[in-house]
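Naming: A, B, ... by sequence-line order, numbering from 1 per chain.
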Number of protein chains: 2
Amino acid sequence: MTRPTEQTIVEAAILVFNEDYSAPLEKVAERAGVTRRTLHRYFTGREELLVCCARDMQRSCREALEQALTSSTDPVVQLENMLYAGIDCGAKYAFFTKLHTRPDHQHAPGQAADCAEYDDLQARCRAVVARLQQEGRISPHLPTEWVLLLLGGVVKTTIEARATGATEPHLRQFAWFSFSKGIGL
Amino acid sequence: MTRPTEQTIVEAAILVFNEDYSAPLEKVAERAGVTRRTLHRYFTGREELLVCCARDMQRSCREALEQALTSSTDPVVQLENMLYAGIDCGAKYAFFTKLHTRPDHQHAPGQAADCAEYDDLQARCRAVVARLQQEGRISPHLPTEWVLLLLGGVVKTTIEARATGATEPHLRQFAWFSFSKGIGL
DNA sequence: TTAATCTGTCTCATATATGAGACATACTGC
DNA sequence: GCAGTATGTCTCATATATGAGACAGATTAA
């Protein structure tokens with residue numbers, strides 16, 4: 001076992017819960033190559049596991065996005081790297097955004113800070129897009145919100161394509177081509 | 001009650017299961033404005049309900065796509081209407097494709113015909129894209145598969161945008177703009 | 001009105017998911 | 001080898017989800 005079991009379980013949980021939010025913990029254990037009993041040694045129950053997943057996703061996504069945002073002062077480069085960051089985070093990115101846009105998503109006392117950080121990241125991404133619009137480098141007809149949603153959509157599409165077994169190196173190029181053209185860049 | 005209860009339940013189930021595949025039937029009943037006991041009067045259990053959902057989605061998506069494909073002989077018009085068909089079907093489209101691309105999706109004896117029809121629809125959509133590529137009207141660098149996946153991704157993005165409360169008439173324009181540009185049209 | 005149907009509430013039985021104790025085995029570093 | 005940790009199997013208790021019967025009130029059609 002190269003990675004500690006705890007981390008293996010969290011990553012399996014992210015993959016499983018992203019596909020099926022109410023899936024039994026048995027499936028998570030199965031995917032992690034672990035008994036459910038072992039899973040319970042590390043996590044009291046579903047709730048705690050979900051909190052750990054959220055933390056893990058948050059950390060991964062934050063680091064990746066942070067790097068993308070500081071990679072350059074050119075918003076086009078920033079945007080391209082934001083896309084790649086999402087693709088690299090894979091299911092973590094997809095599930096992370098899903099969690100924070102759930103209709104029943106409420107800010108629990110302990111996680112208010114996490115949500116604030118999510119909102120902050122979201123705002124910084126929006127700023128990149130807004131700047132591109134102000135500079136007239138992307139289509140002025142599209143709302144900022146649409147551009148951000150499309151970014152997420154292309155990321156998810158890329159993840160989906162990767163799952164169906166597509167050639168990895170080209171996928172990023174397809175993704176950036178479709179996204180950049182799709183926002184009129 | 002304008003619609004029969006059975007149909008109300010099926011549509012609620014599609015909305016709920018699309019978001020959370022293993023959600024308890026209680027949630028479906030709740031969303032349908034019905035007691036779980038009432039739900040059980042119409043459907044023996046989860047399995048039967050899912051079969052009915054599949055049938056309903058299949059019918060809706062088939063009709064919508066059929067109309068899009070026969071709307072014109074120009075593949076560009078066909079493609080645009082395919083996009084709108086997906087958007088109009090909403091969650092039905094999203095869940096329908098999700099069901100048929102699940103890793104554990106097996107062709108049960110009674111549903112082999114349904115899957116065949118799905119594959120047929122898929123093939124006809126692919127043919128439209130392939131024709132556009134042969135005629136050199138869209139980017140030759142993108143695989144047919146990517147174009148189809150992107151179509152689905154833009155549909156889902158549009159559904160998501162609609163859910164967050166965006167101006168409906170413009171959404172279709174954004175969707176078609178981003179998709180058509182995104183495939184180099 | 002009467003009969004038939006639809007719908008909801010109560011209740012219970014069963015199935016499945018979840019949580020945990022006890023203990024054996026395997027592997028680790030010392 | 002030995003102690004400590006990680007992991008697995010067995011077992012059981014509890015919680016939740018599911019399925020169904022009995023029956024009452026509402027609605028509808030004749």
- Note on the structure: Contacts of B:E63 meeting side chain to side chain contact (heavy atoms under 4.5 Å, CB included) (sequence neighbours excluded), chain-then-number -> B:R59
- Item | Residue pair B:Q133 / B:T144, side-chain donor-acceptor N/O under 3.5 Å | yes
- Task: Could you list all the ring pair (Phe, Tyr, Trp, His ring centres under 6.0 Å) pairs where at least one residue sits in residues 70-99 of chain B, not counting sequence neighbours?
- Result: B:F96-B:H100, B:F96-B:Y118
- Item | Separation of D:dA6 C1' from A:Q7 CD (nearest whole Å) | 17 Å
- Query: Which heavy atom in A:F43 sits nearest to a heavy atom in A:C52, and how many Å separate them?
  - Reply: CE2-SG, 3.6 Å
- Message: I need the CZ-C1' distance between B:R46 and C:dT16, as an integer number of Å.
- Response: 11 Å
- Please collect all salt bridge (charged side-chain N to carboxylate O under 4.0 Å, His left out) contacts where either partner lies in residues 29-48 of chain A, sequence neighbours excluded, each pair once. A:E26-A:R36
- Degree of bending in the helix from C:dT1-D:dA30 to C:dC30-D:dG1 once both end axes are built from five pairs, to 10°: 40°
- Item | Protein-nucleotide distance (B:L39, atom CG; D:dT18, atom P), rounded to Å | 10 Å
- Query: For B:E30 and D:dT18, what is the distance between atoms CD and C1' respectively, to the nearest whole Å?
  - Reply: 16 Å
- Query: What pairs with B:T97 under side-chain hydrogen bond (donor to acceptor under 3.5 Å, both in side chains), at least two apart in sequence or on another chain?
  - Reply: none
- Note on the structure: Separation of C:dT16 atom C1' from B:E47 atom CD, nearest Å, is 15 Å
- Item | Sequence neighbours excluded, every pair satisfying salt bridge (charged side-chain N to carboxylate O under 4.0 Å, His left out) that has a member inside residues 138-157 of chain B | A:E160-B:K156, B:R126-B:E145
- Query: For B:Y42 and A:S22, take the nucleotide of DNA chain C holding the closest heavy atom to each; which residue's nucleotide lies nearer the 5' end?
  - Reply: B:Y42
- Message: My understanding is that only residues two or more places apart in sequence, or in another chain, count here; which of them pass side chain to side chain contact (heavy atoms under 4.5 Å, CB included) with A:A13?
- Response: A:F17, A:V28, A:L49, A:C53
- Message: Walk along nucleotides 20-30 of chain C from 5' to 3' and tag each nucleotide B, S or - by protein heavy-atom contact under 4.0 Å, base first, then sugar-phosphate.
- Response: BBBB-------
- Inter- and intrachain pairs under salt bridge (charged side-chain N to carboxylate O under 4.0 Å, His left out), touching residues 173-185 of chain A, at least two apart: none
- Query: What is the distance, rounded to the nearest whole Å, between atom CZ of B:F17 and atom P of D:dA17?
  - Reply: 13 Å
- Message: Whole angstroms only, please: what is the CD-P distance between A:E26 and C:dA15?
- Response: 18 Å
- Rounded off to whole Å, could you give me the CG-to-P distance for the B:D20 and D:dA17 pair? 11 Å
- Distance check: side-chain N/O of B:T38 vs OP1/OP2 of C:dT7, anything under 4.0 Å? no
